[in-house]
There are 2 protein chains.
Amino acid sequence: MARQNTVFKEAYNRYAAALRTDTALPSEPEIAAQLGVSRSTARAILTRLSEEGIIRWNKRQKTVLRQPTDRDLFPSEETDSLHDIIERSFMQRILADDAAPGMQINELELAREIGTGTTSVREFLIRFSRFGLIEKRPNSHWTLKGFTREFALELADVREMFELHSAAEFGRLPKDNQAWADLAAIRDDHLAMLGDINQRFRDFSVLDERFHLLIHRASKNRFIADFYDAIAIVFHYHYQWNKTAARERNERAIHEHLDYIAALESGDQAAIENACRVHLHSARQTLLQSLPQTVSDNA
Amino acid sequence: MARQNTVFKEAYNRYAAALRTDTALPSEPEIAAQLGVSRSTARAILTRLSEEGIIRWNKRQKTVLRQPTDRDLFPSEETDSLHDIIERSFMQRILADDAAPGMQINELELAREIGTGTTSVREFLIRFSRFGLIEKRPNSHWTLKGFTREFALELADVREMFELHSAAEFGRLPKDNQAWADLAAIRDDHLAMLGDINQRFRDFSVLDERFHLLIHRASKNRFIADFYDAIAIVFHYHYQWNKTAARERNERAIHEHLDYIAALESGDQAAIENACRVHLHSARQTLLQSLPQTVSDNA
DNA sequence: AAAATGTTTATTGTAGATAAAAAACAAAAT
DNA sequence: ATTTTGTTTTTTATCTACAATAAACATTTT
């Protein structure tokens, strides 16, 4: 097999799920644009829908004959991109208890375990290496550097520098910038979540990511944006993993966010810097506490 | 061909060049360690040296029979690693005049031009993408973002944040740390260069890299270290390219470095921050001036 | 004429194969 | 007992091939 047609299958599922009986479908280029794929793929989707008797297709005439059922869709295992499969599998592996820092990573073994070729694993590792969790010695193996205390501190330091910069830039945005409206919307979402915190505290991580992403976008700096990818990945997998005291932790973070938002809206640079520092300090503590504890960690 | 034996050839050249007639050579593991290769490769080198009649080799007895000549060595085209070849070729391409931002990058075309397989080019592009000069749309082509004004400004902003941080850390190093001795040595090298500036101004870029690398190492932060790789690459290829007013520019930078070094040695954090800012401000100007000027650039 | 469809071509993503290089294992020499 | 050499195994780096996808070109329809 040279390549799985996951793009086709995933887009097919998305499009089929949105079909309504008796409606007429738009032109091929329009469908392609809606789905974010090429027209070739859009045509492949139409072809299959037609073959399955879901639509009648004759040139410009495209009518939905029946609502597709779950059995018409591809199973979810077949729609995940190889990159996502490798990422999930790899992250699970390095977050597992027996993954000690210093461990060697074997490309061929990983590939066999995931059921894929070595090329894809290699490319994944190269891409992943910029997050600072693995390292390669040329002509030799990759080494797992791991979620260590050093990693967390280095990450937190850079995050602090970048976010202080971005927050200051945010404070300088002209008042008619879209970002201010987005910020107000996020503030309302915070308040709504706070009102029902016992039920909804688990959804905080999504809100957290949205909030910090909005701030970082103000910096318009590709290096800051890229670094935020690393943070997002770490937090995404880490939050799934460490759930102790999540309610208290998240409630406190919401309050800090609200203070931070108020400072941004005030436009007072000193207040912004202060609120940003307060929040990042406690975010740092949260990250450190979530690390696998070793005997020597008594800070 | 699966793989070129450039590691072997390059190490062979290095080892052969250092041989002296009638000396006895050390053990295989020691040779391997000296050259930074595996024992397998070290043995391959000994085998060839023996076949060429350059040494007599019998188990532990290894005697140099004759001095190798230039004709014994592999030509330099055969000793460059594929990665370096691709990097050079690619950088030349994107620094060329006709490389406009927004241009598409074609993997197959690049591979053919360099005379290599597509996999190597792909892997290079993935690695290179972290420098922010190219970007990929999934399932589609890479796009050259290019050495634009935005790139230079974003790079300079992050550099400033990182170096201010590193310089402050440097100032806090205990006085018995090796870094202080290294700094003193670099200061002397600056003074020596200044004494013969008309002859030696072209060597400044090497000194510049050494100086900033020393400072960044004080931060002990992998993200800062990685970012400095990006800066080093950009400056390496950029300095080769823009040579206008190099003497004046470099002389001024040397003076700024000396002030900066003095501030570090004083241990006064305010003085350090100030000297660092002054130098980075002029480094930013230098970088901006070296950009290909377009009509709209009138800042 | 502009937009849609039909058809062909170019390019990317991934698997599999293989030589180079590293690493592991075994035997011999100090 | 430790180091060195001899031999075998494992792993990486790279090429080639090919299906999926995108993109380009040609024809038809409005």
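We name chains A, B, ... by the order of the sequence lines, and we start the count at 1 in each one. This one's a predicted model, so the numbers in the text were calculated from it and none came from an experiment.
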>> Once ring-ring contact (aromatic ring centres under 6.0 Å, His included) is applied, do any residues pair with B:Tyr228, and if so which ones, sequence neighbours excluded?
In response: B:His216

> Residues in ring-ring contact (aromatic ring centres under 6.0 Å, His included) with B:Phe162, at least two apart?
Replying inline: A:Phe162, B:Phe227

> Any sub-3.5 Å donor-acceptor pair from B:Thr23's side-chain atoms to B:Arg20's backbone N or O?
Replying inline: yes

> Excluding sequence neighbours, so at least two apart, what forms side-chain hydrogen bond (donor to acceptor under 3.5 Å, both in side chains) with B:Gln34?
Replying inline: none

> Expressed in angstrom and rounded to an integer, what is the separation of A:Ile134 atom CD1 from D:dT12 atom P?
Replying inline: 12 Å

>> In this structure, how many angstroms lie between the C1' atom of D:dC15 and the CD1 atom of B:Ile86, rounded?
In response: 12 Å

> Which parts of residues 57-65 of chain B get close to DNA chain D, meaning a heavy atom less than 4.0 angstrom away?
Replying inline: B:Lys59, B:Arg60, B:Lys62

>> Going by side chain to side chain contact (heavy atoms under 4.5 Å, CB included), name the residues that satisfy it together with A:Ala230, two or more places apart in sequence or in a different chain.
In response: A:Phe131

> Would you say C:dA22 has OP1 or OP2 under 4.0 Å from some side-chain N or O of A:His141?
Replying inline: no

>> So if I take residues 102-124 of chain A and measure heavy-atom distances to DNA chain D, which residues fall below 4.0 Å?
In response: A:Ile105, A:Asn106, A:Glu107, A:Leu108, A:Arg122

> Counting distance only, does the side-chain N/O of A:Asn13 pair as donor-acceptor with the main-chain N or O of A:Leu73 below 3.5 Å?
Replying inline: no

> Does any donor-acceptor pair link the side chain of A:Arg3 with the base of D:dT21 at a separation under 3.5 Å?
Replying inline: no

>> Does any part of the side chain of B:Asp226, heavy atoms only, come nearer than 4.5 Å to the side chain of A:Arg130, both counted from C-beta?
In response: no

> For A:His83, which residues count as a ring-ring contact (aromatic ring centres under 6.0 Å, His included) partner, sequence neighbours excluded?
Replying inline: A:Phe124

> Who pairs with A:Glu109 by side-chain hydrogen bond (donor to acceptor under 3.5 Å, both in side chains), at least two apart in sequence or on another chain?
Replying inline: A:Arg93

> Okay, side chain of B:Gln67, backbone of B:Leu19: is any donor-acceptor separation there less than 3.5 Å?
Replying inline: yes

>> Using five base pairs at each end to define the local axes, how bent is the helix from C:dA1-D:dT30 to C:dT30-D:dA1, to the nearest 10°?
In response: 30°

> If you find the nucleotide of DNA chain C closest to B:Gln4 and the one closest to B:Arg137, which residue's nucleotide is nearer the 5' end?
Replying inline: B:Arg137

> Whole Å only: how far is the CG atom of B:Asn5 from the P atom of C:dA22?
Replying inline: 12 Å

> Are any non-hydrogen side-chain atoms of B:Arg88 and B:Asp80 less than 4.5 angstrom apart?
Replying inline: yes

> Closest nucleotide of DNA chain C for A:Pro138 versus for B:Trp142: which of these residues is on the 5' side?
Replying inline: B:Trp142

>> Is it the case that the side chain of B:Arg222 and the backbone of A:Glu154 share a donor-acceptor pair, with hydrogens and angles ignored and the cut-off at 3.5 Å?
In response: no

> Do any of residues 13-35 of chain B sit with a heavy atom less than 4.0 Å from DNA chain C, and if so which?
Replying inline: none

> Looking at DNA chain C, which of residues 38-47 of chain A put a heavy atom within less than 4.0 Å of it?
Replying inline: A:Arg39, A:Arg43

> What residues, two or more places apart in sequence or in another chain, satisfy side chain to side chain contact (heavy atoms under 4.5 Å, CB included) together with B:Gln4?
Replying inline: B:Met1, B:Thr6

> Do the side-chain N and O atoms of A:Asn139 and B:Arg3 include a donor-acceptor pair separated by under 3.5 angstrom?
Replying inline: yes

>> Between A:Asp182 and A:Arg217 (salt bridge meaning N to carboxylate O under 4.0 Å), is one present in this structure?
In response: no

>> Between B:Ile45 and B:Ile31, is there a side-chain heavy-atom distance shorter than 4.5 Å?
In response: no

> What is the distance, rounded to the nearest whole Å, between atom CD1 of A:Ile126 and atom P of D:dA13?
Replying inline: 8 Å

>> Please classify the nucleic acid contact of A:Lys136 as base, sugar-phosphate, or nothing, using heavy-atom distances under 4.0 Å.
In response: sugar-phosphate

